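Below is one structure, written out as structure tokens; the observations come after it.
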Amino acid sequence: MFMLPAILYLQVLPIIDLAWIIFGLAAIFFIRLFWNWSINNAVDQRLGKIKGKSAGKMNSVSPAREASSHLAHNTERKKNEDALLVLQDIVSNMDMGLNVFQTDDFDNPSAFRLEMVNAAATRLMMFLNAANTGKTIDELSPLLRQNRLHNIFYNVMVTQSPAEVEEFVYNPDPGKAPGIYNLKIFPLPSNRVAMIIEDVSVKKKTEATLKITNFGLENAGDLILWMDENANFTYVNQTAAAKYDYLKEKLMGMGLSDVDTRITNNQWYELLQILESKNSLTMESIHKTSDGATFPVEISVNKVTYDGKKQYFAFVRDISERNLNTELEQKIQVARKSAALKQQFLANMSHEIRTPMTGIMGMTSLLMRSSLNMAQQEYVRNIKISSENLLNIINDVLDLSKIEAGKMELKPNRIILAEFVNQLDEMFQHVAQNKGVKFKTHIDPLVPKAIIVDDNRLKQLANNLISNAFKFTDDGQVSIGFYLKEKRNHHLILSCMVSDTGMGISEQNQRQIFEKFTQIDTSLIRPFEGTGLGLAICRELTHLMGGEIYVESELGKGSKFTFTFRAGFDESDLENPTDILPGDLKDLNLNVLHVEDKLLNQKVVGFILLNAGCNVDFRSNGKEAVELYQPGEYDIILMDIQMPVMDGISAYKKLKELHGDKLCPVIGLSANALEGDAEKFMELGLDDYIAKPFKPQQLYEKLLQWSGRISGSKND
């Protein structure tokens, strides 16, 4: 009667594999033998009692026949006992847990009691042990009810169909990884169910590892190809399919010769001969995509034996970028070699040209000292000018090549900036007089008296820009000014501005004038000569001196070239009074225009503003302030009242007339300190007033008040 459920079990459970079937049959067979053994014992005991009671009635059975029957019965029982012991040993030592549950209350799923358990079941789930035999599911562990095993047992018994619970998690020790089990539950006779427990913790971990590994293979940066001896693909990763632009299934039906333009079938067999001795080789080739596009690759092919067959797997890498980098490196090497050859050529040419130039210029100087008539003097003077121009061109070319080669070094020294500017003034005043153009110089009072800079390179920069300004200016003025842009702990950032009222530069030309060998006018009748190297050298020199150069210009209205540079300084030359401002003052971040004709007053106010975190421009009279002011460039104007050319009140009225509400706040500064003076000037339109002399704190507090109003108006 036990074999029928087993046969049904085999028929209705196709999902359970052979191993589970074997264990199930073993368990069933074990229970069947155990049942038969128990019945035989009961029968023997019953027969013994019957024999004792009816011994006198059995005299008709011969003693020989009775002995034979008893012997046969003992032999059968011995076989069953031996088989039972073997199966007990198997069940006790098998790796899978085996439990038998039985119920007497057919209608109550919770009434299933543990009837039998093997050692493996106890090892996997500690509560399934011999001591708990006879306990119900609810008494064994709440985990069983949480997973609704009592309902599963009941359904298996009712339907006589096996069931499976996957990934049953049991974790009695939080300090260790939980156990993961698969449970197989199948029906047994007499209201019993058997449960087999398989530990799949390692299997699940292995599956996760394989899943990650497979994901890595499929999405690897390299193309991965497996091939047989005929170069047909047996595996390709998703990266390869995407690169070759095929569906993966389509690519799997292809071979290496379908994607490699250089490997034919014959060449593949030649490669196999090499792989017989080397096991691996690396080479470069050209691969193609589905639309015929090609790309260079590096292939590493390896030979392995898998499952008794030779297999070949290849790692394919797109080397397009590497080839580009190699090509770029080669071009860089060629460029470096060309630059070195150019430097050598320029050095040789300089030497060869300078030698005859020395003779020409020397003889010209001697000839000018001799007795010459007027015409001869003019001829010699033109020769001298031309030779000097030629020497300047040679010097420009050499300077540019030195800078590009990184061979030009700065040689800073201490200079008095006023003396440096006076030299520029003396040098260009005769040019200005000859052209009928004014030449002006200016030094920001905040700039220290002495600075540390390479004066030769600074002079070269200034000379180039001033010469250009005069070249393109026939009316008006050319000016140069030096300004303090920023003061840092160990150096200053100074700016130099060269402006003119000449022909100006178009916006398109402004973007290219700093390029080498570039000139604005390239026509055959251009009136201005030059190599187009001057501004290119200026740009390189400013970079060398830690600064930048830029231009602002408008056709017909002139140009303004500004370059910045780093300069050292001596604290003693700053002439900065230590008591101008108290320490730890808040930066105001205001753009201030200070209009004042006294240089000392400019310097004092300038230091106060600088230490308060302000940017400041200076003008010496009201007319200059009117010409300079543009709405939006300044946050506040400090206006002296009494000044030459145009006084402060007149300047204010003119500014108000020109700009109206766009005029920033104007604070008057004046030595008029009588009672009512402040009110009088403010009635004339000034926004505020400070009487001279004033303490630095007074000016700072006044600016602080106005900074809040200015910030608020900007936010509005």
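The structure presented is a predicted model; accordingly, all values stated were derived computationally and were not measured.
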Parallel, tilted or perpendicular: ring planes of Phe470 versus Phe439, cut at 30 and 60 degrees: tilted

Geometric class of the His442/Tyr483 ring pair [parallel <30°, tilted 30-60°, perpendicular >60°]: tilted

Check whether any side-chain N or O of [X] sits under 3.5 Å from a backbone N or O of [Y] as a donor-acceptor pair, and report yes or no.
| X | Y | value |
| --- | --- | --- |
| Thr564 | Glu548 | yes |
| Asp597 | Ser620 | no |
| Asp444 | Leu484 | yes |
| Ser650 | Met646 | no |

Distance-only donor-acceptor check, side chains Ser506 and Asn509, under 3.5 Å: yes

Could you tell me whether [X] atom [atom1] has more than 12 heavy atoms of other residues or ligands within 6.0 Å of it?
| X | atom1 | result |
| --- | --- | --- |
| Asn373 | CG | yes |
| Lys662 | NZ | no |
| Gln508 | CD | no |

Closest non-hydrogen atom pair, Val453 against Met545: CG2-CE, 3.7 Å

Considering all heavy atoms, the nearest Asp687-Cys664 contact: OD2-O, 4.3 Å

Worked verdict on Leu555 versus Ile505 for side-chain contact (heavy atoms from CB on, under 4.5 Å): CA-CA 5 Å; Leu555 281 175; Ile505 307 169; 5.6 Å; no

Check ion pair Lys680-Glu683 (N to O, under 4.0 angstrom): no

Ion pair Glu627/Lys623, N-O distance below 4.0 Å: yes

